Amino acid sequence: MNDNPQDSRRPCVMGSSRSPSSSWDAAVAAEITGALAETYRDDMGISHVDGGNMPQRDAVVAILEKILEILFPGYTGRHLVTRAALEFTTGDLVNAVYHGLAEQVRRALAYRCQVECCGGCDCVRQADDAVIALLRRLPALRGLLKSDVQAALDGDPATSSTDEIIIAYPGLKAIAVHRVAHELYRAGIPLIPRVMSEYAHTVTGIDINPGAQIGGSFFIDHGTGVVIGETAILGESVKIYQGVTLGALSFPKDACGRLIKGAKRHPNIEDRVTIYAGATILGDITVGHDSVVGGNVWLTESVEPFSRITNAKPDLSIKQRRP
Amino acid sequence: MNDNPQDSRRPCVMGSSRSPSSSWDAAVAAEITGALAETYRDDMGISHVDGGNMPQRDAVVAILEKILEILFPGYTGRHLVTRAALEFTTGDLVNAVYHGLAEQVRRALAYRCQVECCGGCDCVRQADDAVIALLRRLPALRGLLKSDVQAALDGDPATSSTDEIIIAYPGLKAIAVHRVAHELYRAGIPLIPRVMSEYAHTVTGIDINPGAQIGGSFFIDHGTGVVIGETAILGESVKIYQGVTLGALSFPKDACGRLIKGAKRHPNIEDRVTIYAGATILGDITVGHDSVVGGNVWLTESVEPFSRITNAKPDLSIKQRRP
Amino acid sequence: MNDNPQDSRRPCVMGSSRSPSSSWDAAVAAEITGALAETYRDDMGISHVDGGNMPQRDAVVAILEKILEILFPGYTGRHLVTRAALEFTTGDLVNAVYHGLAEQVRRALAYRCQVECCGGCDCVRQADDAVIALLRRLPALRGLLKSDVQAALDGDPATSSTDEIIIAYPGLKAIAVHRVAHELYRAGIPLIPRVMSEYAHTVTGIDINPGAQIGGSFFIDHGTGVVIGETAILGESVKIYQGVTLGALSFPKDACGRLIKGAKRHPNIEDRVTIYAGATILGDITVGHDSVVGGNVWLTESVEPFSRITNAKPDLSIKQRRP
């Protein structure tokens with residue numbers, strides 16, 4: 001009870017929403033609810049009412065984590081993976097991923113149908129094909145990811161353990177999620193790939209658009225603040241550090257001045273290029289193979305293979321302050 | 001059992017904490033517990049014992065997610081929102097938010113009362129008023145958020161779907177949470193707004209102080225590393241990219257050299273200003289409307305409207321290395 | 001059912017994976033499972049089959065959160081901490097942390113034994129010693145953390161509440177986790193310290209290698225993008241802002257060109273140094289005490305005490321665009 005706040009023996013925290021001083025009642029609740037419902041009725045473009053079943057972010061993330069268990073068996077430690085039970089454990093995961101992901105992909109396709117009023121498209125078949133194609137690609141993705149783990153081991157003096165890399169490194173998680181999301185992006189699946197990549201962005205600080213094409217033996221160290229755009233193309237054995245942006249310099253527009261969606265606007269990074277922390281590379285340019293881009297470099301023009309690009313020695317001012 | 005670690009047929013992992021080689025016992029536990037309790041007794045300023053019920057971070061976050069469901073109905077996909085059930089679904093959420101948030105706000109206010117020994121203040125009434133005022137603002141916040149979603153659609157060539165923006169874009173989530181937290185900040189509620197904004201910071205990498213004043217049609221692309229300070233003021237249709245800081249150049253101090261809390265120290269960004277990745281704008285300065293601040297620019301002075309600020313062409317050194 | 005996609009009265013979302021158009025069956029599942037199992041059999045270096053019980057990331061994180069409850073009693077608000085029940089509450093937590101962490105540390109040690117075929121080592125004893133030593137250090141860590149909280153209060157004009165700092169500030173969370181992880185790093189425990197530090201990295205965007213040596217009264221403001229390397233050494237009362245890197249300039253290699261793991265390669269930051277946002281300090285250099293490193297500075301040479309290092313006034317180009 002807090003109806004007598006002056007009574008210092010009674011800490012006001014004891015008050016409850018049912019205390020006399022509460023002004024919340026059915027009328028207030030109804031008034032606010034009505035006002036909100038009103039804003040749902042007009043088409044404000046940010047309501048999703050009677051809109052069919054959207055894909056569910058939480059469900060997509062749970063399925064994605066299962067896919068990562070398939071890609072790195074035994075590393076979550078959630079259950080001991082034994083050679084004896086291997087087929088069973090894996091089979092269960094594969095089935096669970098198929099059914100869960102097919103459902104979410106169907107939702108995404110069906111929702112697009114509604115929006116685009118395409119009338120009839122076989123969302124079930126399309127979802128099936130995309131999910132089965134993804135599952136068939138998993139062994140090949142494991143090969144790519146093995147090369148990524150090796151690249152991290154070769155590139156980081158702070159670790160001597162592939163297990164540490166697989167269990168703990170954000171860069172590897174971002175790459176693994178990207179390799180999965182990219183398969184669905186290539187299959188033309190809406191929404192789901194971006195939900196996956198933004199989940200990786202949330203847990204790693206690394207923002208790789210599902211459209212980016214990335215070769216094997218890719219290593220991202222530290223990674224926070226890395227941005228890789230939709231139409232970027234990276235070769236083999238590329239190494240990048242935290243805060244690197246592979247972005248767009250300007251956005252192509254159509255005659256009406258509207259952005260042209262999906263146009264090529266991000267860099268091409270050839271094999272064995274290293275890009276140090278904070279470098280920004282913008283536009284549809286090419287960084288030739290075996291080049292090194294120094295920290296904080298701002299690059300908007302193509303460079304030849306074997307280039308070493310650095311900022312001119314920074315003009316530092318170093319003053320002594322009187323102790 | 002691992003009491004004989006030399007026995008190589010027995011992997012040492014089999015050992016258990018009850019094995020003879022364990023030195024943990026009641027005495028050790030009591031000794032450590034006693035030493036810790038000792039540090040709790042003295043006022044180390046980082047203990048919270050007998051301190052009444054603090055707000056609970058987890059509870060605040062759960063309520064915040066419910067508020068986001070009210071602001072973007074149907075997007076979590078947690079339940080299908082139908083026009084028929086709209087009033088009921090919304091009414092339930094509104095009631096749940098009121099009761100949950102009022103409780104947390106009361107805890108925050110009551111705790112401040114204790115700290116400041118204010119004796120008697122009607123925390124229940126104050127909490128009620130603040131929460132009800134927030135709920136009454138939600139329809140207006142939906143209007144603002146609709147303009148933010150449209151700004152993202154217009155500004156990002158990588159998407160053509162408002163649904164993708166609402167479900168997946170970290171920038172929109174950070175803005176939505178900020179618009180809610182800012183209402184409670186304006187109402188003078190302690191702790192809760194910052195808990196909300198740091199939750200958004202955790203999941204998006206975007207750090208917007210609840211005090212910042214931000215106009216409509218606000219778009220943050222990628223977002224990781226963005227910092228917007230407590231006294232920053234942003235106009236309409238501002239667009240910023242990852243790594244942008246709107247910060248303080250120096251901190252006003254009082255006669256005793258103590259920081260003056262809350263003094264105006266962050267930039268004013270006028271309407272239709274675009275700020276590219278990594279730019280740093282510091283101090284209580286004004287960037288005139290329709291200006292463009294280039295990537296990595298370091299700006300500490302006001303600029304006129306329609307300014308285009310860029311770093312002088314970077315003095316790059318490009319050397320060829322012998323293949 | 002969606003076998004007749006042309007029937008526009010039937011939204012295709014109604015289709016299910018059991019609909020005629022689904023091509024998923026036992027044969028497909030078996031084929032994919034077999035292909036995956038095949039890749040597990042060869043040693044791809046990213047499988048962990050029959051590999052004993054790895055440490056479990058989720059369990060380590062849950063234990064870490066308990067340790068934080070011991071370090072900051074009463075702040076999670078998960079349960080009211082009363083002076084009366086203090087010994088009991090604390091004793092329960094201490095026991096839970098001992099048993100849980102000892103198990104995880106044993107897994108990590110035992111796994112390393114397998115990998116290195118060390119034959120017999122007393123993993124149980126080693127784990128016990130390390131965990132008990134950590135628990136014995138907690139009172140001292142509380143002393144350090146109190147100084148860190150005070151440093152945040154003195155350094156940030158946006159707050160006047162130690163409670164807000166403890167409940168909400170990512171910088172403090174990153175420091176607290178680091179101080180715990182560093183104890184296990186010093187004890188030579190594999191995997192666990194890095195799992196802890198990468199958890200902090202995920203929730204704060206601050207990447208502090210467990211090896212870094214950091215003095216008291218340490219304050220990180222905002223923090224996203226901060227990177228502190230394994231062999232960095234920081235004195236007392238160091239203050240750093242978002243996007244600061246204390247990294248390596250080059251990696252020492254052995255005669256065979258392989259990276260030498262663990263070699264000293266990161267900066268030494270002496271007492272009372274402040275490093276502003278985006279500064280990059282690389283290599284085994286020393287920044288003398290009471291120095292100030294300006295925003296975006298790129299520093300690769302040692303500087304004397306009381307230095308003030310800033311970039312030469314940026315050569316900005318400010319053009320007016322015709323309204």
Side-chain angles (χ1 to χ4, degrees), chain A residues 52-53 70 72-75 77 80-83 86-87 90-91 94-95 98-99 102 106-107 110 113 119-125 128 132 135-136 138-139 142 145-146 149 157-158 160 162 164 166-168 170 203 205 222 224-225 242-243 277 295-296 314-321 323, chain C residues 2 5-8 11-13 15 17 19 21-24 28-29 32-33 35-37 39-40 44-51 53-57 190-191 194-195 198 201-202 205 207 209 224-225 227 230 245 247 251 259-261 263 280 297-298 303-304 306-312:
Chain A
N53 295 316
I70 294 174
F72 301 108
Y75 279 95
L80 178 58
V81 179
T82 63
R83 205 163 294 285
L86 200 56
E87 250 84 1
T90 311
V94 167
N95 269 291
Y98 164 74
H99 288 293
R106 273 195 303 276
R107 285 168 172 247
C113 291
C121 65
D122 189 346
C123 297
V124 177
R125 165 67 68 175
D128 257 20
I132 292 172
L135 290 169
R136 287 209 161 100
L138 292 184
R142 268 177 56 79
L145 289 167
K146 183 193 180 183
V149 170
S160 52
T162 56
E164 189 169 76
I166 295 169
I167 293 177
V203 296
H222 308 300
T224 304
Q242 68 274 17
N296 288 2
D315 195 2
L316 285 183
S317 141
I318 303 184
K319 300 205 183 85
Q320 297 300 316
R321 296 176 305 167
Chain C
N2 190 32
Q6 303 316 323
D7 180 346
S8 61
C12 40
V13 73
S17 62
S19 90
S21 66
S22 170
S23 55
W24 183 259
V28 178
I32 292 169
T33 302
L36 282 163
T39 72
Y40 297 162
M44 288 191 78
I46 60 171
S47 305
H48 184 67
V49 177
D50 283 350
N53 295 316
M54 297 280 289
Q56 299 154 298
R57 182 186 180 285
L191 282 172
R194 186 64 183 255
V195 168
E198 287 298 349
H201 186 186
T202 290
D207 179 354
N209 188 288
T224 304
V227 173
E230 181 181 25
T245 292
F251 301 150
L259 292 176
I260 299 170
K261 305 290 185 180
T280 302
V297 161
W298 180 268
V303 295
E304 293 298 303
F306 294 101
S307 297
R308 173 175 229 96
I309 306 99
T310 54
N311 285 326

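Only a predicted model underlies this, so the values are computations on that prediction, with no experimental measurement involved. Letters go in sequence order (proteins before strands), and every chain restarts at 1.
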Parallel, tilted or perpendicular, as decided by the 30° and 60° cut-offs, for the rings of C:W24 and A:H99: perpendicular

Approximate separation, where rounding is to 0.5 Å, of C:T245 OG1 and A:H222 NE2: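 If we round to the nearest 0.5 Å, C:T245:OG1 and A:H222:NE2 are 7.5 Å apart.
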
For each of [options], tally heavy-atom pairs with chain A at distances under 4.5 Å, and name the one with the top tally.
{"options": "C:V297, C:D207, C:V303, C:T224", "value": "C:D207"}
{"options": "C:R57, C:R194, C:E230", "value": "C:R194"}
{"options": "C:V195, C:T280, C:I32", "value": "C:I32"}

For [X] versus [Y], what's the shortest heavy-atom pair and its separation?
{"X": "C:W298", "Y": "A:G295", "answer": "CH2-CA, 3.4 Å"}
{"X": "C:S23", "Y": "A:D128", "answer": "N-OD2, 2.7 Å"}
{"X": "C:M54", "Y": "A:G74", "answer": "CG-O, 3.9 Å"}

C:T33 side chain to A:T90 backbone, donor-acceptor under 3.5 Å: no

Side-chain heavy-atom pair C:E198, A:I167 within 4.5 angstrom cut-off: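 No. Closest side-chain heavy atoms not under 4.5 Å.
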
Heavy-atom pairs under 4.5 Å with chain C, option from A:P157, A:A158, A:A168 with the top count: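 Heavy-atom pairs under 4.5 Å are most numerous for A:P157.
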
C:S307/A:K319 under side chain to side chain contact (heavy atoms under 4.5 Å, CB included): CA gap, chis, key distance, verdict: CA-CA 6 Å; C:S307 297; A:K319 300 205 183 85; over 6 Å; no

A:Q242 portion near chain C, given a 4.5 angstrom heavy-atom threshold: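 Just the side chain, heavy atoms under 4.5 Å.
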
